[in-house]
Amino acid sequence: MLFSIAAVAALPQAVPGTITGSDCTPANGLFKVDSITFDPAVATRGASIAQIVNGTLLADLPEGTTATLVVKLGAIALINQKFNVCDDLRANGKNCPLPAGVQTFNKSSSVPAISPKGTYQGTSQVVTPDGQVVFCVKQTFTLA
């Protein structure tokens, strides 16, 4: 399953640019996250990064589900976007409601070539129209 989710978040890392992701889904979330990976695993300016979240959707994903992406450099929000998940699914051959079961959420986004150095932190959260959190992912990377 494809849709727009990408964010970057901040904790010091051994290898500059290495992207880490953590599950911030509440206990009553509609998606049980099994794994979060990034391809490539290191962020570089001007390159595209795919965030891949694998797991189990516990209920059908309804029409009108949205995702919010907030990316910060320090305390400054550089990105604050909200978009319709089902629109992105349709663009990739899927439909809403998306049936419950094993799913992969995969979305690519680019690191702007003019990104300043520093530690980036972000949160991607998917929410149904009635406010139920589907899942949440926090990401971190540092550009040297």
Side-chain angles (χ1 to χ4, degrees), residues 1-13 17-143:
M1 171 163 78
L2 302 173
F3 68 92
S4 296
I5 294 269
V8 289
L11 294 175
Q13 299 169 7
T18 300
I19 308 166
T20 60
S22 62
D23 180 9
C24 53
T25 307
N28 65 346
L30 296 179
F31 189 76
K32 181 184 175 299
V33 175
D34 291 330
S35 67
I36 302 164
T37 57
F38 300 91
D39 185 22
V42 175
T44 55
R45 289 175 184 86
S48 183
I49 301 167
Q51 175 178 275
I52 305 151
V53 182
N54 294 298
T56 303
L57 188 59
L58 304 175
D60 290 356
L61 190 74
E63 185 68 47
T65 296
T66 58
T68 302
L69 166 64
V70 177
V71 178
K72 294 181 179 182
L73 176 59
I76 301 168
L78 302 175
I79 298 172
N80 189 348
Q81 298 175 333
K82 184 175 184 177
F83 52 90
N84 186 307
V85 171
C86 293
D87 288 348
D88 201 63
L89 288 170
R90 279 188 286 278
N92 291 289
K94 304 282 186 173
N95 292 307
C96 280
L98 187 69
V102 174
Q103 299 289 350
T104 297
F105 292 83
N106 179 346
K107 181 60 182 179
S108 294
S109 71
S110 296
V111 177
I114 59 169
S115 297
K117 66 181 175 179
T119 300
Y120 291 77
Q121 51 188 308
T123 304
S124 303
Q125 184 166 279
V126 178
V127 180
T128 64
D130 64 359
Q132 176 76 40
V133 174
V134 178
F135 73 85
C136 173
V137 174
K138 290 189 177 189
Q139 304 84 4
T140 302
F141 72 79
T142 300
L143 291 176

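Please read all numbers here as calculations on a predicted model, not as lab measurements. These numbers come from the heavy atoms of this one structure, side chains and all, not from hydrogens, waters or symmetry mates.
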Ile36 and Ser22, any side-chain heavy atoms less than 4.5 Å apart = no

Supply the atom-to-atom distance Leu30 CG to Phe135 CZ, rounded to the nearest 0.5 angstrom.
-> 11.0 Å

Looking only at heavy atoms, which two atoms of Leu73 and Thr119 are closest? And how far apart?
-> CD1-O, 3.3 Å

Polar side chain donor-acceptor pair, Thr104 to Asn106, under 3.5 angstrom = no

Just one of Thr68, Val71, Leu69 clears the side-chain contact (heavy atoms from CB on, under 4.5 Å) bar with Asn80, so which one?
-> Thr68

In terms of heavy-atom contacts, Gln51 and Phe38 come closest through OE1-CE2, 3.5 Å

Any donor-acceptor N/O pair, Asp60 side chain to Ala100 backbone, under 3.5 Å | yes

Atom pair CD1/CD of Ile79 and Gln81 - distance to nearest 0.5 Å | 5.5 Å

Pick out which of Val53, Leu61, Asn54 makes a side-chain contact (heavy atoms from CB on, under 4.5 Å) with Phe31.
-> Val53

Apply side-chain contact (heavy atoms from CB on, under 4.5 Å) to Val127 and Gln132, showing your working.
-> CA-CA 5 Å; Val127 180; Gln132 176 76 40; 5.8 Å; no

Minimum-distance pair of heavy atoms, taken over all atoms of Val134 and Thr128 = CG2-CG2, 3.8 Å

For the student: nearest non-hydrogen atoms of Leu58 and Gly29, plus distance = CD1-O, 3.7 Å

Taking all heavy atoms of Pro40 and all of Ser48, pick out the closest pair and write down the distance.
-> CD-O, 3.4 Å

Over all atoms of both residues, closest heavy-atom pair of Glu63 and Cys96 = OE1-CB, 3.6 Å

With respect to Ile19, which candidate in Val111, Ile49, Val42 satisfies the side-chain contact (heavy atoms from CB on, under 4.5 Å) definition?
-> Ile49

Calculate, to the nearest 0.5 Å, the distance between atoms NZ and CD belonging to Lys32 and Gln103 respectively.
-> 14.5 Å

Inter-residue atom distance Cys86.SG - Leu98.CG, 0.5 Å rounding = 8.0 Å

